[in-house]
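Take a look at the structure below.
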Amino acid sequence: MTIRAALLVLLSVQGMLTAQTTRPNIVFIMTDDHARRAVSAYDTTLIHTPHIDRIGHEGIIFRNAFVTNSICGPSRAVMLTGKYSHINGFRDNRSRFDGSQQTFPKILRQNGYYTAMIGKWHLVTEPTGFDYWNVLIDQGEYYNPNMIEMGDTSRHEGYSTNIITDLAIETLEKRRPRGQPFCIFVHQKAPHRNWMPDTAHFGLFNDRDIPMPASFFDDYEGRSRAAREQDMKIEDMWLGYDLKLFLQNPADETGTGGKKTTDKPLRIEPDLNRLNQAQRNAWDAYYRPISDAFYREKPQGTALSKWKYQRYIKDYLRCIASVDDNVGRLLTYLEQKGLLDNTIVVYTSDQGFFLGEHGWYDKRFMYEPSLTMPLLIRFPPKIAPGTESKALALNLDFAPTLLEVAGITPPADMQGKSLIPLFQNGKTKGWRKSMYYHYYEYPYGWHYVKKHYGVRTNRYKLIHFYNDSDEWELYDLKKDGAEMHNVYGQRKYRRVVKKLKREIERLQSEFKDNSLAEKP
Ligand code: SGN
Ligand code: CA
């Protein structure tokens, strides 16, 4: 080899190495059940979340981000594979994830990324495709959680949201090999039921009442049996487990807790046995007086419903306050290490959540509060501060987007689309004009929400509840954003319905959803 040829080889190797080290990093923060309304970048009524907002304000805020099947395990499986539930096999929380299938962290890893998964996993089988993983068991615990680190279980003293963030920072600081781009999943348990806040946040919102949604006392008139027969009313929450009363007698538990199909309440009180003495003292000092006042005053009727809503929403928001603090901690760490600007930071939730709309908590329904999720992305190389998008974005899109960010062409069998074309000004020609949804967990599991599928466009939403019912709902979101008026069957919407039914068929065939033809 001539000296010139040798030099050229050397230069090209060096070039490859530089390209290697400057490939962007990925920090994917996902919370559990974080409703869009509880992020102040979307709505300032409930809570101020400056750190989560920062990601969107210095990047892009997606105003129409949707989940394709609004429940935890399924949403996570879609996110990892870029494929709908009927393709990736994880349809409801009874499923087991087939970890041998293609996922985007696996592809990143094969292409030289260091991959790590910290926090809530909830896919039953062990994580695959990660250099390092340390995950909560099943739903995980808020206090002093047990976590499985690459097969070994240990208890971590402290509050889960802090611990998961500590472990993420520790992984970036100590475990990650330098000179290799990384992709880290930071998956919080919070703000999942049963909303046990950190002792540090008990004081929040004590001085004010949180506004109740206008639809709280909904009577479901004109809606399907599915809307009327669900078991997810705040009014039916467990007094002990959910609302933190110290029950004087287990028989005082009157709530169904989302399990009306079983005759006994399953959970009587929050898991206080895990708390250490200091945590327990703080817990009792905060919740005892609330409990005592309740038994003294014995609110009834509307006053009782309002009391339950305040108890629920305040604990829920306190869990988010802790998430927001910890997002701030993570951003500060990245900033201090000079990593922030070559890292794509994503903030999202595994689905939305009802915060009293229609009187409900939980998710599952294709209605807006559970269909939508917060989605904020910061990535200075490609996104200018203050960008917004109203395009229909899906959790199905995460896998192809993050592969493309890493310079990898997404495999053709992924069903989502890369969001990158939207990064510039929130719009791009030829973007999807409708999205397809399919929910399966019924009648087993929790909350009794009937199986359904449907389509949402910018303006309309058509839903079909099937299995042990056969009912349709149509919402004109431009006139009825709160989805109180089912206009299915009204003459003037006949053509809209016809078009949307054809669109459902088109989407079912495009995404190969043959599950409706299966025997029950
Ligand atoms: C738990 C909750 C349910 C919730 C499911 C699924 N009950 O079982 O209210 O719908 O999780 O949530 S609890 O008493 O155990 O808190 S998901 O986000 O994991 O899909
Ligand atoms: Ca969830």
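Counting convention: from 1, in listed order, for ligands and their atoms alike.
- D32 contributes OD1 as its N, O or S atom closest to the Ca ion (ligand 2).
- Residues P211 and L46 approach most closely at O-CD2, 4.5 Å, considering heavy atoms.
- Between F66 and Y437 the shortest side-chain heavy-atom distance does not fall below 4.5 Å.
- Neither the backbone nor the side chain of K259 comes within 4.0 Å of ligand 1, counting heavy atoms alone.
- Under 4.0 Å is where a charged nitrogen must lie from a carboxylate oxygen, and between R36 and D43 no such pair does.
- At least one N/O/S atom of Q351, from backbone or side chain, sits under 3.0 Å from the Ca ion (ligand 2).
- The name of the N, O or S atom in D33 nearest to the Ca ion (ligand 2) is OD1.
- When side chains are defined from C-beta on, Y436 does not count as touching L396, because their heavy atoms never get closer than 4.5 Å.
- Residue D362 has at least one N or O atom closer than 3.5 Å to an N or O atom of ligand 1.
- Contact analysis puts Y241 in contact with ligand 1, with a non-hydrogen atom separation below 4.0 angstrom.
- Of the candidates K120, K363, K189, K120 is the only one forming a salt bridge (charged side-chain N to carboxylate O under 4.0 Å, His left out) with D32.
- Side-chain contact between V186 and I118 is absent, with no heavy-atom pair separated by less than 4.5 Å.
- Within D350, the N, O or S atom at minimum distance from the Ca ion (ligand 2) carries the name OD2.
- Of the listed residues (T31, T165, D33), just one forms a side chain to side chain donor-acceptor pair (under 3.5 Å) with Q188, and that residue is T165.
- In this structure, R364 has a heavy atom closer than 4.0 Å to ligand 1.
- Of the candidates D32, N93, D350, it is N93 that places a heavy atom closest to atom 6 (C) of ligand 1.
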